[in-house]
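Take this structure, written in structure tokens, and hold onto it; I'll ask about it next.
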Number of protein chains: 4
Amino acid sequence: MRPVNLFDYEKLAQERLEPAIWDFYHGGSDDEVTLRECRRAFERIRLRPRVLVDVSTIEMRTTVLGTPVSMPILIAPTAAHGLAHAHGEVATVRAAGQSETLMIVSTTAALGIAEVAAAASGPLWFQLYTHHSLEITGKLVRQAEELGYRAIALTVDIPRLGNRERDLYNKFVLEERTPLPNYPSQDITALERHMIDTWETVDWLRATTKLPILLKGILTAEDALLAIEHKVAGIIVSNHGGRQLDGAIPSIEALPEVVEAVKGRCEVYVDGGIRRGTDILKALALGARAVLIGRPIIWGLAVDGQQGVLRVLEILRNELEMAMALAGRPNLASIDPSLLKL
Amino acid sequence: MRPVNLFDYEKLAQERLEPAIWDFYHGGSDDEVTLRECRRAFERIRLRPRVLVDVSTIEMRTTVLGTPVSMPILIAPTAAHGLAHAHGEVATVRAAGQSETLMIVSTTAALGIAEVAAAASGPLWFQLYTHHSLEITGKLVRQAEELGYRAIALTVDIPRLGNRERDLYNKFVLEERTPLPNYPSQDITALERHMIDTWETVDWLRATTKLPILLKGILTAEDALLAIEHKVAGIIVSNHGGRQLDGAIPSIEALPEVVEAVKGRCEVYVDGGIRRGTDILKALALGARAVLIGRPIIWGLAVDGQQGVLRVLEILRNELEMAMALAGRPNLASIDPSLLKL
Amino acid sequence: MRPVNLFDYEKLAQERLEPAIWDFYHGGSDDEVTLRECRRAFERIRLRPRVLVDVSTIEMRTTVLGTPVSMPILIAPTAAHGLAHAHGEVATVRAAGQSETLMIVSTTAALGIAEVAAAASGPLWFQLYTHHSLEITGKLVRQAEELGYRAIALTVDIPRLGNRERDLYNKFVLEERTPLPNYPSQDITALERHMIDTWETVDWLRATTKLPILLKGILTAEDALLAIEHKVAGIIVSNHGGRQLDGAIPSIEALPEVVEAVKGRCEVYVDGGIRRGTDILKALALGARAVLIGRPIIWGLAVDGQQGVLRVLEILRNELEMAMALAGRPNLASIDPSLLKL
Amino acid sequence: MRPVNLFDYEKLAQERLEPAIWDFYHGGSDDEVTLRECRRAFERIRLRPRVLVDVSTIEMRTTVLGTPVSMPILIAPTAAHGLAHAHGEVATVRAAGQSETLMIVSTTAALGIAEVAAAASGPLWFQLYTHHSLEITGKLVRQAEELGYRAIALTVDIPRLGNRERDLYNKFVLEERTPLPNYPSQDITALERHMIDTWETVDWLRATTKLPILLKGILTAEDALLAIEHKVAGIIVSNHGGRQLDGAIPSIEALPEVVEAVKGRCEVYVDGGIRRGTDILKALALGARAVLIGRPIIWGLAVDGQQGVLRVLEILRNELEMAMALAGRPNLASIDPSLLKL
Ligand SMILES: Cc1cc2nc3c(=O)[nH]c(=O)nc-3n(C[C@H](O)[C@H](O)[C@H](O)COP(=O)(O)O)c2cc1C
Ligand SMILES: Cc1cc2nc3c(=O)[nH]c(=O)nc-3n(C[C@H](O)[C@H](O)[C@H](O)COP(=O)(O)O)c2cc1C
Ligand SMILES: Cc1cc2nc3c(=O)[nH]c(=O)nc-3n(C[C@H](O)[C@H](O)[C@H](O)COP(=O)(O)O)c2cc1C
Ligand SMILES: Cc1cc2nc3c(=O)[nH]c(=O)nc-3n(C[C@H](O)[C@H](O)[C@H](O)COP(=O)(O)O)c2cc1C
């Protein structure tokens, strides 16, 4: 079967991966209510397409924090690509470059951020998990800066690692399976390695680096307003793919209140459960500047390495293009809330 | 089993048709969310029947753009009837005539519009897909005019062919299976043959023909108002049977806003998921002048050719008659929104 | 298995009855949407029980149109009890008497209304289907009057027999299976025998008999107001057990608007999908004076004749008593809308 | 399999227990609608987690009616622990002590309240079912007082035993299976032994004991206000685990109106369907001071006696701690309604 959509990649990836690794990538926390609801939330939103618009040319190029990308589709930071494919993050980053989009490299990458940067032909952001030693964290941030990473996305929804029961049943421990070279030492588990971040961490980070800062994992207007006060450049509305607090609101349902609170003062992104071009269209209509794709990237990687990731990104691009054309929205500026019936 | 309702015809048709052809007729785009929701939307609407009304005579004759028909049930334009039955559109059009209703002949018919007209005993409309050469399109329109087609229904929801994955999996390509004699050349795929229409196309069409013009595929009040400005005679509220933009609003849920916007300035029709007389009753109560039937016509055709189509139409007529009687609405004028609990 | 609730009787009855007869009793019209929704509608209503009320004595005696009954649970008129049990309506009416409640005898009974009256020890109402000859209908009404029937319930939701597809598939024709002695002639099918009633029929009926008149099958405030104008003594909110207009509003959801319209000027009853004491409690809280039970009576009859009917009624009585006790409503007067969270 | 959550304990307990005993513990009344809805109600509530809060220390110690407990999680009174494990309530109470929380001992315990008190190392409340002789009831209350029980929780939702059909099918009679030493005599069934309580019973109880009084089983604002008038110290919002009035509102949905009515004048607790730390978090956010756990305690007991109960409590504590951390609520005071999207 030649996969025609992301769900095909999902099935193929599940066939290929060792069950415990599949479960690690696939699972959510507790009863996976948030994981499921993230998909259903998209299916509940209805589109109001416009017709007889000139959609002969579809234009989806945009910029993210000033960096041009060929489409409003970014690669979310996810851990340990080496478990999905021998080339790991190198394969992913090359596909990102070919697709002319941006990859957010995770602190939990299976390769060092230098190695990933070396393989990159496109722009990178660095997703940061802080170490409890701010000195060590500062070094990592400066290294990312020197390597040309263009922004720091501080993930703020993981003061503790969520309760992922699939991993418990499988006795799956990430550190036993993969090197985590961006962590300074291996003596304590990765989960315990990083500190509890507060708004002071954000201030410290802003003082430490000139790079723009994004906060990843905000789900409320209250925190969006605090983020603005703390002068962040971007917010990523996310529930960590349903892997942290189970029962947390689907990110697409949190997006409107964040967009409303922010009032254009910083860029707003969203991730979680995006599998179709129409999902992206819905996110854009609700005010997201771009979306992040998590698991589907790993499915592509598992099925066909760099080519698989490339194909996943191309499918999404084609689907978004189709969706924009069929919705009568030939460019990003024309995508607004009137496209939706909530 | 003698089929007693349209769902019986559906089952029988599926048994008889080659799976890839069944899938072509049956399928929707992407995840078929809109396809499914179109049915559910009807089931959610509740009827408030009136009693002790004199329903000894049920009167459902009406006119559509001035043309009398025996019932507010028209045949939607669908492609390539030849794949369902050897007699193709000839069988369909004969059944339409016997039922004293109107058929909308598709540009994508398996027979030429002249051949269909020759077999017809009842009124016809012509469903137009424009060719990128307006000259060629103009010729086709004038041919329809000369052949006695009484209106042109320009389909506006298909600037690109929707993503129908069943066809992709089946490697089903319509042009390889059927002649499409109303397309001027066979060198490029039908999908790419027609142009991207805009409101200018509508103006051009109005200048080109004296026939009344309908726009098929409008789902918003905004576009309904533009249609009025561009002086169309009718609007067909439709999402193309769930085959174009997946996630598009069920047409029956878009109908109220279109009716409200139009305020009687043109006729409003609806199609999509209509399988029961009560569905028709609901559509009429929401302001549709008549409904169009797509797939069920093909089911009838596949099962029993002309007789099958005739029977499908008769079942719908009988069911509508029953529904009107049981709802205490003996004629079309008595069907109004108070019949519904939304 | 000793049946402990009505659903047990349902299962046992299905085992015992010939499938075509089961289907006749069980089925609804078209897709049985209304049939299903009638049950779901009850499950959606939530109870707000009160506590620390003295419920040592539960009192549910009431009157229906002035006639005392031991509980607000009546036997709905249903056709042809002879198909369920050899003793037919005689068994049913005896159980009604034993339970000190009222049976509404159907025009479509398998026994003559005189025979049923002769076996009765409790009060009876007569459910009337009119014959197209008013003379014949008048005779039947006067016969009922003379036999001591205390009211006439004119069924108004059946100007045509609903589309019951189970019967079509089974080629089940009621007249071929059972005598219908209350119909004057057997030459045309029962379905065609009766006339199309209008409000004039109601006026005629009022002039013809001194008995109080109920209209069975009203689902709207509009018709309830007309019923008041035409001086009926009672309204039975009903969709005929989902056997007439499919898609009709669940009767329990129509009840509030009827009660609100009537403002106490006549008695209001409800039937459809009542299977539990808590269902009855909900109906009473929404303003019904009593409820009618249709199919479950037939289940009892099929399983165990008179004893079965008796047991079904006793189960309902016990469940209602329990429900009243647990809801802190020791008598009917204490049951009001504050019991419900809709 | 080492159980990682309460649902694992549920499965293991079902494997271990005799089916009729499992059914006794597991079942609800009638159709178990309330039982099911109690779980669904929790799943419908969405969390709005806050981020970048210092959650390095999670503090969940609290007091219940002045008594310190290590967490806002109490053991609900449930009958006959001896059927789940040979050590019965002794095992449960020891686990409660180890967990530094409070057990509410049921009148229907399989052991005498003296025996349970003797095994206890933590605080106890006594759940009271009144005997129809107030003299006997008074003695029991005074005994509890002398034994050091710190409060009396009068259960008010059981003027009759709910209709638990599993027990009927299984011919399961509690008294035949277990001693009920807190009942004064064995000559009539336990169900009939206790009286119908009214608000006078509450006044009598207040006059009889100096212990604070809680009412268990209130579901409405109306009764909450009466409880305040009758000077109770606490209200337990409960539908008795879906075992009394089927169709009763899920307790978590009744909680807001009770909290709103009470306005802090007494403590409010809730139970029913709590299986996850996030459920507890939701209950706290809606204004509960603490929650009670019913069936899961029995599952732990059945699987592993005292250790099992301990583990169940520890799982809940850990999950609550995790949920508080991930929601950005480091202490109980920070948990408020803004955490929820209803
Ligand atoms: C296997 C896996 C690993 C992840 N690792 C990280 C990570 O290291 N850092 C991070 O900020 N988010 C991580 N996430 C969350 C993703 O960045 C993203 O928020 C989420 O996957 C989006 O949902 P989706 O997978 O449904 O697209 C991870 C997600 C998954 C599934
Ligand atoms: C197999 C198939 C072919 C179709 N071909 C056309 C077409 O050529 N032109 C057009 O305007 N609509 C076409 N449609 C859409 C129908 O006109 C109509 O909008 C839709 O089928 C109505 O939904 P229903 O099938 O649920 O009744 C087609 C639909 C189907 C299912
Ligand atoms: C088998 C059957 C026969 C019925 N026959 C009659 C009838 O002769 N006259 C009438 O007014 N209603 C008739 N009804 C409708 C019932 O009076 C009643 O409205 C309905 O059954 C109530 O719903 P339930 O069956 O869910 O309780 C019939 C219903 C059934 C199921
Ligand atoms: C087997 C069983 C026995 C119970 N016995 C009592 C009891 O003796 N007294 C009482 O007040 N509540 C009793 N309850 C109700 C519980 O105290 C509590 O309200 C309910 O179990 C909470 O729901 P949960 O089981 O979903 O946690 C019992 C519940 C169960 C399941």
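Proteins come first, then strands; the chains are lettered A, B, ... in the order of their sequence lines, and each starts at number 1.
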*CD (A/Glu18) with more than 12 external heavy atoms under 6.0 Å*: yes
*Just give me the residue among D/Ser338, D/Gly277, D/Ala325 that pairs up with chain A most often, heavy atom to heavy atom, under 4.5 Å.*
D/Ala325
*Tell me, do A/Tyr169 and D/Asp8 make a side-chain contact under 4.5 Å, heavy atoms counted?*
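Yes. Closest side-chain heavy atoms under 4.5 Å.
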*asked:* Quick one, A/Leu245 and D/Arg48 - any side-chain contact, counting heavy atoms below 4.5 Å?
replied: no
*For A/Lys139, does the NZ atom have more than 12 heavy-atom neighbours from other residues, nucleotides or ligands under 6.0 Å away?*
no
*asked:* As a test of understanding, state which of A/Leu168, A/Asp167, A/Asn163 forms a side chain to side chain contact (heavy atoms under 4.5 Å, CB included) with D/Val4.
replied: A/Leu168
_Lys/Arg-Asp/Glu bridge criterion (N-O < 4.0 Å) met for A/Glu253, D/Lys341_ =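 Between D/Lys341 and A/Glu253 there is no salt bridge, as every charged N stays at least 4.0 Å from the carboxylate O atoms.
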*D/Arg50 and A/Val156, any side-chain heavy atoms less than 4.5 Å apart*: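 Not touching, per the 4.5 Å side-chain cut-off.
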*What distance do A/Asp31 atom CG and D/Phe42 atom CZ have between them, rounded to the nearest 0.5 Å?*
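It comes to 12.5 Å.
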*Between chain A and each of D/Glu319, D/Met322, D/Arg46, count heavy-atom pairs under 4.5 Å; write down the option with the most.*
D/Arg46
*Under a 4.5 Å heavy-atom cutoff, which of D/Asn5, D/Ile45, D/Asp54, D/Leu339 has the most pairs with chain A?*
D/Asn5
*Which bit of A/Val33 is near chain D, if near means a heavy-atom gap under 4.5 Å: side chain, backbone, both or neither?*
side chain
*asked:* For D/Val53, which atoms come within 4.5 Å of any heavy atom of chain A: side chain, backbone, both, or neither?
replied: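 When you check distances to chain A, only backbone atoms of D/Val53 fall under 4.5 Å.
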*asked:* Below 4.5 Å, heavy-atom pairs only: which of A/Glu165, A/Glu257, A/Gln244, A/Glu37 has the largest tally toward chain D?
replied: A/Glu165
*Any side-chain heavy atom of A/Val202 within less than 4.5 Å of one from D/Leu52?*
yes
*At a heavy-atom separation under 4.5 Å, does D/Ser56 approach chain A through its side chain, its backbone, both, or neither?*
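It is both, since atoms from each part get that close.
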*Should the pair D/Arg276-A/Glu32 be classified as a salt bridge under the 4.0 Å nitrogen-to-oxygen rule?*
no
*Could you tell me which non-hydrogen atom of D/Pro49 sits nearest to which non-hydrogen atom of A/Asp223, and how far apart they are?*
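Here D/Pro49 and A/Asp223 meet closest at O-OD2, 4.0 Å.
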*Does the side chain to side chain contact (heavy atoms under 4.5 Å, CB included) test come out yes or no for A/Ile249 and D/Leu47, once each step is laid out?*
CA-CA 6 Å; A/Ile249 186 169; D/Leu47 293 167; over 6 Å; no
_D/Leu326 side, atom CG; A/Asp246 side, atom CG - distance, nearest 0.5 Å_ =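 Result: 10.5 Å between the selected atoms.
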